[in-house]
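Let me begin by presenting the structure, written as structure tokens, before commenting on it.
Labels below follow one simple rule: chain letters A, B, ... track the order of the sequence lines, proteins then strands, and each chain is numbered from 1.
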Amino acid sequence: MEKQIKEILQRYKSDKTRLMDILWDIQNLYGYISNEAVSELSAALNLSKFDIEETASFYHFFLLKTAGKHQIYLSNTVIAKMNGYDEVYKALEDEVGCSFNGVSDDGIFGLFDTNCIGLSDQEPAMMIDQVVFTRLTPEYAREIIEEIRSGKTPEEVINPNMIPKSSLAYVDNMVSTHIQRTGPVFFRQDRNYRALIMKMLGSYPEEVIGIVQNSSIRGRGGAGFPTGLKWKLCSETEVEQRYVICNADEGEPGTFKDRVILTRSPKDVFFGMISCAYSIGSCHGIVYLRAEYWYLKEYLEDQLEEMRHEGLLGDKILGQEFNFDIRIQMGAGAYVCGDETALLESCEGKRGAPRLKPPYPVQEGYLGKPTIINNVETFAAVSRIVAKGSDWYRALGTEESSGTRLLSVSGDCDYPGIYMIEWGITLNEVLRMVGAKDTQAVQVSGPSGECVDPWKDGERIFCYSDLSCNGSLMIFDNSRNMLEVVRDFIEFFVDESCGTCSPCRSGNVDLLHKINLIVDGKATQEDLDEIVSWGNIIKSTSRCGLGMTSPNPLLTTLEKFPRLYRRKLSKSTDVLKPSFDMHASTSVHENLHRRTQEETK
Amino acid sequence: MSITITIDNKEIKTDIGATLIDVAADNGIFIPRLCYMRGKPCLGTCRVCSVKVNGWMAASCTIPVQDGMIVEVDTSEVKDIQKALVETLFSEGTHNCPSCEKSGRCDLQAMGYETDMMVSRFPYRFTERNKENAANLIWLERDRCIFCQRCVNFIQDEETGQKIFSISGRGPSSRIEIDKELADKMNKKQARAASDICPVGCIIDKERGYDHAMGVRKYDITSIRERILKGEQ
């Protein structure tokens, strides 16, 4: 066996549940995951070769064949497309010298596109290897390519002053964190974590859970499950080992708040995790970080190391009988891993296919043990609740939706970025705050959420019973073609469906076909009726949240903007359906016929 | 613990924790399914067994029964959704029953009949996926795979416990794979078991061709509905 692969395996004690890390280490070493490497892993991990490929081929960023020395992934979100994506796309093809999904002749570049990389406030943006370049223009994109072609690494291009990767300055040099509006909960500068953790350890675990429960905070990932109740259920399980996982797989297009929290206040998140671990009795924490945020990894590792150094993580935290440490688990490009059970599968080295529930993660989660999975924002908020008390937190927001929410605002507005809002604010107030003008539509909660019309919905309220926003807020003014936006979103879901259940795997392809007919002016009222009927079947029968929400872009725009669709319906009076393509339907037969004739000649 | 649930207004006494799809079958209520196999762990992939539970659609193979649960099976809405899910599998792959070796013992075909499907409401894609003929005893007709994952989960190499079948890629570009090395360690009986567990004509054991004439085929003799209600599958 090759020595280097052996070393990698040793690093993870040949534990097959660490397959994600092993595959990353191999790819980072060789540039891709070769057939030979798969064979060696297969023997060492007692997995069949195909079992390893089953995992590797699931994730967008794992390469099973060579794809150039450096891989370029241009973010193709709708927000990028509103900000010059097409020009950058062409410039890249031209400068790199190949089309997308290809490799340049000199073997230096592989050129791909990718779904939202969490930079919607500074699109167009691209990843090259593990760094990102933002606010691209065709000229800037060309310069970057030229520099890399002349021998520099992407790292050297973005970081010419060699700022250490473990520092905040390194991250700040690469991406901006536009915090437009702060407030009482997040981004506090003056926190003494040692004192805060000391104080928390002075309470009983049940008391900490009580504080979280009384604060009425609900999970900020999107589903809104009461956080305190989740912790309580987990603490009541009768086992030795429990796990705490922070979901930092922020994949919803348009969201970037978790990136900003992890950049500005990582220790809030870790303190939240420590509070959780203390409450439920856990020694092991994992931050599942999306691969699009590789550039945060060393910085976060360094922040963890600082906490270990101060005795806030590790064995006997602050001298007490409480051991807890956190490791970072990298994802590899799969939106579905934002689903908590898909994330668990991924953490265990498998395909990110959502599990069946029950059992719920609080009963059987990571490695079959009770597990708390909370979002980055939830843990950060909890760190403040534990310090300031539940009454303080409950005084913020509304009766049924306590506290605050971070919005990632992007699209057509003067000030894109992060806004802390208290629950209870109206859509109109938010639009005024962000400087949105001439707004046609607002996509609340990303593609999986709903598209609203400010004329009809302007006075609707951000709260769990109305606009229960998951953090993504994309704004489209009247110059935008919303049908193109919808098509983009449906394409996103086709791309990101894990394929485990049939309605989501197959149904979204049918919906994409329908929106294409509409955009091409070949749809009839019957097609619109079928979209509603089929969309509801997909929503009601899919296995996880992805399929349960994937028809939303079509269903919610059909409801709010029916005129956009009606205008595009075919006016044809032909007896054949306008979507019927005579040539495509007969070409197979005609080609066969021609071939037979030629052969008989 | 004995509890009572209601299926289609009929009160049924059963035990807490039993699986809804089994409870229904034991009480003479047929729910179509393609991935579920009684007695084996639930896969929950095909969703064809979706019914209404307390007002919400749910795959009945995934639902442990609870006291007071109200279930709807025999309603036009539920039946249409089940039919749509069967149809979606017909249009997604390429299923040509008259020329398929599995015809007459194919669960998908049988469920097509049971749900009164005439033609798929979804556009047929006539997907072409490469066949895989390399293993000695097994041939894989990928066009017909419905990704139920029965083979992935229930067929293993007897010596190492490793998977013989797996799925590569994701979403609509998922593909069923066979590990030739491990597959070639199977004997004929195991290969036949793999073929039999496949609910469609995707996994075919090579030395079995057209071994049953019309009229003596499995589901022609006893329908899939009768078999399920007898608890045979």
Near Lys180(B) NZ, under 6.0 Å, is it more than 12 heavy atoms from other residues, nucleotides or ligands? yes
Give a yes-or-no answer on whether the side chains of Thr88(B) and Arg505(A) include a donor-acceptor pair shorter than 3.5 Å. no
Greater than 12 external heavy atoms within 6.0 Å of Tyr113(B)'s OH: no
Does any heavy atom of chain B fall under 4.5 Å from the side chain of Tyr59(A), the backbone, both, or neither of them? backbone
Option that, when pairs with chain A are counted at under 4.5 Å, heavy atom only, ranks first among Cys148(B), Ser91(B), Ser173(B), Gly44(B): Gly44(B)
Where is the tightest heavy-atom contact between Lys163(B) and Ser48(A), given as atom of each residue plus distance? O-OG, 3.2 Å
Between Phe122(B) and His513(A), is a side-chain contact (heavy atoms from CB on, under 4.5 Å) present by the stated rule, with each step listed? CA-CA 10 Å; Phe122(B) 309 102; His513(A) 175 66; over 6 Å; no
Where on Ala59(B) is there a heavy atom nearer than 4.5 Å to chain A: the side chain, the backbone, both, or neither? neither
Nearest heavy atoms of Cys46(B) and Ser502(A), plus distance in Å: O-OG, 2.8 Å
Contact summary for Ile167(B) and Arg351(A), nearest pair of heavy atoms: O-NH1, 2.9 Å
Checking heavy atoms, do the side chain of Ser542(A), its backbone, both or neither come under 4.5 Å from chain B? backbone
Heavy-atom contact with chain B under 4.5 Å, split by part of Ala56(A): neither
Arg543(A), Lys49(A), His60(A), Glu53(A): which one forms the most heavy-atom pairs within less than 4.5 Å of chain B? Arg543(A)
Let me know if Cys42(B) has heavy atoms under 4.5 Å from chain A in its side chain, its backbone, both or neither. both
Evaluate the criterion side-chain contact (heavy atoms from CB on, under 4.5 Å) for residue pair Val509(A) and Glu92(B); output intermediate values, then yes/no. CA-CA 9 Å; Val509(A) 176; Glu92(B) 185 193 26; over 6 Å; no
Nearest 0.5 Å please: distance from the CZ atom of Phe147(B) over to the SG atom of Cys501(A). 12.5 Å
Below 4.5 Å, heavy-atom pairs only: which of Ser497(A), Ala334(A), Ser506(A) has the largest tally toward chain B? Ser506(A)
Please classify the contact of Leu34(B) with chain A as side chain, backbone, both or neither, using a heavy-atom distance under 4.5 Å. neither
Between Arg121(B) and Trp534(A), what is the shortest heavy-atom contact and its length? O-CZ2, 3.3 Å
Indicate the atoms forming the closest heavy-atom contact of Phe50(A) with Glu177(B), along with that distance. CD2-CB, 3.5 Å
Segment of Ile164(B) engaging chain A (4.5 angstrom heavy-atom cut-off): neither
Please classify the contact of Thr160(B) with chain A as side chain, backbone, both or neither, using a heavy-atom distance under 4.5 Å. both
Gln525(A) atom CD: more than 12 heavy-atom contacts under 6.0 Å: yes
Would you say that more than 12 heavy atoms from the other residues, nucleotides or ligands in this model lie under 6.0 Å from the CD of Glu181(B), or not? no
Tightest non-hydrogen contact, residues Arg125(B) and Asp510(A), listed as NH2-OD1, 3.1 Å
Counting heavy-atom pairs closer than 4.5 Å to chain B, which one of Leu47(A), Val336(A), Thr55(A) comes out on top? Leu47(A)
Please identify, among Thr541(A), Val494(A), Asn508(A), the residue contributing the most non-hydrogen atom pairs under 4.5 Å to chain B. Thr541(A)
Under a 4.5 Å cutoff for heavy-atom pairs, which residue among Asn46(A), Asn536(A), Ile537(A), Leu64(A) has the most contacts with chain B? Asn46(A)
A quick test of your reading: do over 12 heavy atoms of other residues, nucleotides or ligands sit less than 6.0 Å from NZ of Lys188(B)? no
What part of Val48(B) gets closer than 4.5 Å to chain A, counting heavy atoms only: side chain, backbone, both or neither? neither
Where does Ile63(B) contact chain A at under 4.5 Å (heavy atoms): side chain, backbone, both or neither? neither
Output for pair (Gln162(B) CD, Ser42(A) OG), nearest 0.5 Å, gives 5.5 Å
